[in-house]
Amino acid sequence: MSISAYLFKYIDINPKELLAKGALAKKISMDKLQPFCRDVPEYEIAKFSGGTRFRNGDTIMARITPCLENGKTAMVNILEPGEVGFGSTEFIVFRAKEGYTDPNFVYYLVKSSFVRDPAIKSMVGSSGRQRVQTDVVQNLIVPFPSLLEQRKIASILKSLDDKIALNTAINDNLAA
């Protein structure tokens, strides 16, 4: 059974993280994300001077055109436990709330039409530089199944993504 609720009640949007200016950290640039690909394929080590901060298990979604329309959304999976990374100011960060949402479910929800379509429609700004209005996204009313159901749904979708990643790696190896 699902409960329809505001997104911000079940998911933290742009949660606060501390990272000292000048600290070396893992950086995920927008150009590193692959369209409609869950995993972060690469990162760089850079000095933090600003940008969106996140932890493993967070979902990052592009908030600028055409990156959002092109499917630049990923689940952060390149950090060590307790480590904070950073990336483009053009990301919106989504974090599961302990006891309410499953991090994998959050990723699949964010990349679904429940979140993507209204986010795209909310874009404002000059042509070619339009951005998602974060308040529109956090105030979306979306269906939230129970935590157990979220885990079941996410498990099925994750196993499919895992299989796609394995097949891609095999194909890349064959091409090499």
[Y] side chain reached by [X] side chain, heavy atoms, under 4.5 Å:
X: Lys97; Y: Ile11; answer: no
X: Val124; Y: Arg131; answer: no
X: Asn14; Y: Arg53; answer: no
X: Val132; Y: Val136; answer: no
X: Tyr6; Y: Gln138; answer: no
X: Val93; Y: Ile13; answer: no

Measure the spacing between [atom1] of [X] and [atom2] of [Y] and express it to the nearest 0.5 Å.
X: Asn56; Y: Ile78; atom1: CG; atom2: CD1; value: 7.0 Å
X: Thr134; Y: Ile92; atom1: OG1; atom2: CD1; value: 4.0 Å
X: Met75; Y: Cys37; atom1: CE; atom2: SG; value: 13.0 Å
X: Leu157; Y: Leu109; atom1: CG; atom2: CG; value: 11.0 Å
X: Asn104; Y: Ile156; atom1: CG; atom2: CD1; value: 12.5 Å
X: Phe36; Y: Ile164; atom1: CZ; atom2: CD1; value: 12.5 Å

**Report entry** side chain to side chain contact (heavy atoms under 4.5 Å, CB included) between Arg116 and Leu68, intermediate numbers included
**Finding:** CA-CA 8 Å; Arg116 275 178 45 83; Leu68 176 57; 3.9 Å; yes

**Report entry** Check against side chain to side chain contact (heavy atoms under 4.5 Å, CB included), Phe94 and Leu7
**Finding:** CA-CA 10 Å; Phe94 299 84; Leu7 195 75; 3.9 Å; yes

If every non-hydrogen atom of [X] is compared with every non-hydrogen atom of [Y], which pair is closest and at what distance?
X: Asp102; Y: Ala154; result: OD2-CB, 3.7 Å
X: Val115; Y: Leu140; result: CA-CD1, 3.9 Å
X: Pro145; Y: Pro143; result: CD-O, 3.7 Å
X: Thr59; Y: Pro103; result: OG1-O, 4.4 Å
X: Phe91; Y: Ile28; result: CE1-O, 3.3 Å
X: Asp31; Y: Gln34; result: O-NE2, 4.5 Å

If you count every heavy atom of other residues, nucleotides or ligands that lies below 6.0 Å from [X] atom [atom1], does the total exceed 12?
X: Tyr100; atom1: OH; result: no
X: Phe8; atom1: CZ; result: yes
X: Lys47; atom1: NZ; result: no
X: Glu44; atom1: CD; result: yes
X: Leu18; atom1: CG; result: no

Following the transitive rule for hydrophobic clusters with a side-chain heavy-atom cut-off under 4.5 Å over Ile, Leu, Val, Met, Phe, Trp and Tyr, establish whether [X] and [Y] coincide in one cluster.
X: Tyr43; Y: Phe86; result: no
X: Met30; Y: Leu79; result: yes
X: Val76; Y: Val84; result: no
X: Ile64; Y: Val110; result: no
X: Tyr108; Y: Leu147; result: no

Requested in this report: Evaluate the criterion side chain to side chain contact (heavy atoms under 4.5 Å, CB included) for residue pair Phe48 and Leu24; output intermediate values, then yes/no.
Outcome: CA-CA 6 Å; Phe48 176 69; Leu24 288 178; over 6 Å; no

Requested in this report: Salt-bridge test for Lys26 and Glu42: reply yes if a basic N is under 4.0 Å from a carboxylate O, no otherwise.
Outcome: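 Looking at Lys26 and Glu42, the cut-off is not met.
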
Requested in this report: Could you tell me whether Asp162 and Lys158 make a salt bridge, using a distance below 4.0 angstrom between a side-chain N and a carboxylate O?
Outcome: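 Yes, Asp162 and Lys158 are salt-bridged.
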
Requested in this report: Report the C-alpha distance between Leu33 and Ile60 in whole Å, list the side-chain angles of each, state the deciding distance to 0.1 Å, and finish with yes or no for side chain to side chain contact (heavy atoms under 4.5 Å, CB included).
Outcome: CA-CA 10 Å; Leu33 298 188; Ile60 53 176; 4.2 Å; yes

Report task. Run the numbers on Glu90 and Lys72 for salt bridge (charged side-chain N to carboxylate O under 4.0 Å, His left out), then give the verdict. Result -> CA-CA 11 Å; Glu90 301 297 354; Lys72 292 209 173 195; over 6 Å; no

Query raised in the report: In terms of side-chain heavy atoms, does Thr65 have a donor or acceptor partner in Glu69 at a distance below 3.5 Å?
Result: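 Indeed, the side chains of Thr65 and Glu69 share at least one donor-acceptor pair under 3.5 Å.
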
Report task. Dump the intermediate steps for salt bridge (charged side-chain N to carboxylate O under 4.0 Å, His left out) on Arg55 and Glu83, then the final yes or no. Result -> CA-CA 6 Å; Arg55 293 184 177 268; Glu83 184 179 12; over 6 Å; no

Query raised in the report: What class does the angle between the rings of Tyr10 and Phe144 fall in, given that below 30° is parallel, 30 to 60° is tilted and above 60° is perpendicular?
Result: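 Tyr10 and Phe144: parallel rings.
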
Query raised in the report: Is a side-chain N or O of Ser126 found less than 3.5 angstrom from the main chain of Arg129, in a donor-acceptor match?
Result: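 No, Ser126 side chain to Arg129 backbone: no donor-acceptor pair under 3.5 Å.
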
Report task. Check whether any side-chain N or O of Asn70 sits under 3.5 Å from a backbone N or O of Pro66 as a donor-acceptor pair, and report yes or no. Result ->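 Yes; judged by distance alone, with no hydrogens or angles, the pair exists.
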
